[in-house]
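Index from 1, following the sequence.
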Amino acid sequence: MMDKKTSRIRRATRARSKIRELRVHRLTVHRTPRHIYAQVISPDNVVVVSASTLDKELRGQVNGYSGNVDAAQVIGKAIAERAKAAGVERVAFDRSGFKYHGRIKALADAARENGLQF
C-alpha cells in the first residue's frame with residue numbers, strides 16, 4: 001500500500017521524464033496546505049526564476065491566508081512576469097503529480113494570462 005506522497009511522486013516522475021525529452025524550460029509547482037511555490041527550471045536543471053507565498057515582496061500582495069486560490073493567482077502572475085524578464089516565453093507545466101484543479105489550476109491560468117505559453 002502506497003501513501004499519498006509516494007503516489008504523487010510516482011505521478012510526477014512520468015511527466016518529468018517526458019518534459020526532459022522535450023528539452024524545454026519547465027514551470028514546477030509545489031503546494032503545501034499553507035503555501036504555494038513555483039519555479040521555472042531550465043533544461044539543464046538550473047532554477048531560472050522562482051516565486052512563492054514566502055517572498056517578501058509577494059507577501060504584501062497576498063491578502064490574508066497564503067494557502068488559497070487568490071494567493072495562487074498572485075504567484076502565477078509573478079512567476080510569468082519574472083520568467084518573461086529572464087527571457088523565458090515557453091515552458092512545460094510540471095504540476096508535480098498534483099491534480100490540475102483548484103490552486104494548481106489558478107496558478108497555471110494566471111501564468112498564462114500574463115503571457116507565459118504552455
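- Scanning both residues, Tyr65 and Ala71, for their nearest heavy atoms gives O-CB, 4.2 Å.
- For the pair Gly115 and Lys84, the tightest heavy-atom approach, listed with the atom from each and the gap, is O-CD, 3.7 Å.
- Contact detail for Val24 and Ala92: the closest heavy-atom pair is CG2-CB, 3.7 Å.
- In this structure a side-chain-to-backbone donor-acceptor pair under 3.5 Å is missing from Thr6 to Met2.
- Ala38 and Ile79 make their closest contact through O-CD1, 3.5 Å (heavy atoms, listed as atom of the first residue, atom of the second, distance).
- Separating the NE2 atom in His25 from the OG atom in Ser42 is a distance of 5.0 Å, to the nearest 0.5 Å.
- For the pair Arg103 and Asp70, the salt-bridge criterion is not met [side-chain N within less than 4.0 Å of a carboxylate O].
- Arg26 places none of its side-chain heavy atoms less than 4.5 Å from the side chain of Phe93.
- Under the 4.5 Å side-chain criterion, counting only non-hydrogen atoms from C-beta, Arg90 is not in contact with Phe118.
- No more than 12 heavy atoms of other residues, nucleotides or ligands shown are found within 6.0 angstrom of CG on Asn63.
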Query raised in the report: side-chain contact (heavy atoms from CB on, under 4.5 Å) between Arg112 and Gln117: does it pass, once the steps are laid out?
Result: CA-CA 6 Å; Arg112 279 197 192 97; Gln117 295 173 309; over 6 Å; no
Query raised in the report: Can Leu58 and Thr53 be said to form a side-chain contact (heavy atoms from CB on, under 4.5 Å), step by step?
Result: CA-CA 6 Å; Leu58 296 176; Thr53 45; over 6 Å; no
Requested in this report: Kindly indicate, with the supporting measurements, whether the criterion salt bridge (charged side-chain N to carboxylate O under 4.0 Å, His left out) is fulfilled by Arg82 and Glu57.
Outcome: CA-CA 13 Å; Arg82 290 176 184 183; Glu57 68 237 41; 2.9 Å; yes
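- In this structure, CZ in Arg34 is found 4.5 Å from OG in Ser66, a value given to the nearest 0.5 Å.
- Under the rule for a side-chain contact (heavy atoms from CB on, under 4.5 Å), the partners of Ser52 that lie at least two apart in sequence or sit in another chain are Tyr37, Leu54, Asp55.
- Of the options Asn114, Val49, Leu116, a side chain to side chain contact (heavy atoms under 4.5 Å, CB included) to Glu81 is made by Asn114 and by none of the others.
- Other residues, nucleotides and ligands contribute over 12 non-hydrogen atoms within 6.0 Å of the CZ atom of Arg59.
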Requested in this report: Determine, stepwise, if the pair Ser96 / Arg11 fulfils side-chain contact (heavy atoms from CB on, under 4.5 Å).
Outcome: CA-CA 7 Å; Ser96 308; Arg11 284 193 301 271; over 6 Å; no
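- The line from CD1 of Ile75 to CD1 of Ile36 is 8.0 Å long, rounded to the nearest 0.5 Å.
- The closest side-chain heavy-atom distance from Arg95 to Val29 is not below 4.5 Å.
- Residues His30 and His35 fail the side-chain proximity criterion, which asks for heavy atoms closer than 4.5 Å.
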Query raised in the report: Which is it for Arg23 and Asp44 under the salt bridge (charged side-chain N to carboxylate O under 4.0 Å, His left out) test, yes or no, and what are the steps along the way?
Result: CA-CA 8 Å; Arg23 301 285 302 158; Asp44 358 286; 3.7 Å; yes
Report task. Would you sort out whether Val47 and Val40 count as a side-chain contact (heavy atoms from CB on, under 4.5 Å), showing the intermediate values? Result -> CA-CA 6 Å; Val47 175; Val40 172; over 6 Å; no
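- Residues Asp94 and Ile19 meet the side-chain proximity criterion, which asks for heavy atoms closer than 4.5 Å.
- A salt bridge links Lys18 with Glu21: at least one charged nitrogen is closer than 4.0 Å to a carboxylate oxygen.
- Val88 is connected to Leu27 through a chain of hydrophobic side-chain contacts under 4.5 Å among Ile, Leu, Val, Met, Phe, Trp and Tyr, so both are in one cluster.
- Both Val91 and Phe98 sit in one connected hydrophobic cluster of ILVMFWY residues. Membership requires side-chain heavy atoms under 4.5 Å apart, directly or through other members.
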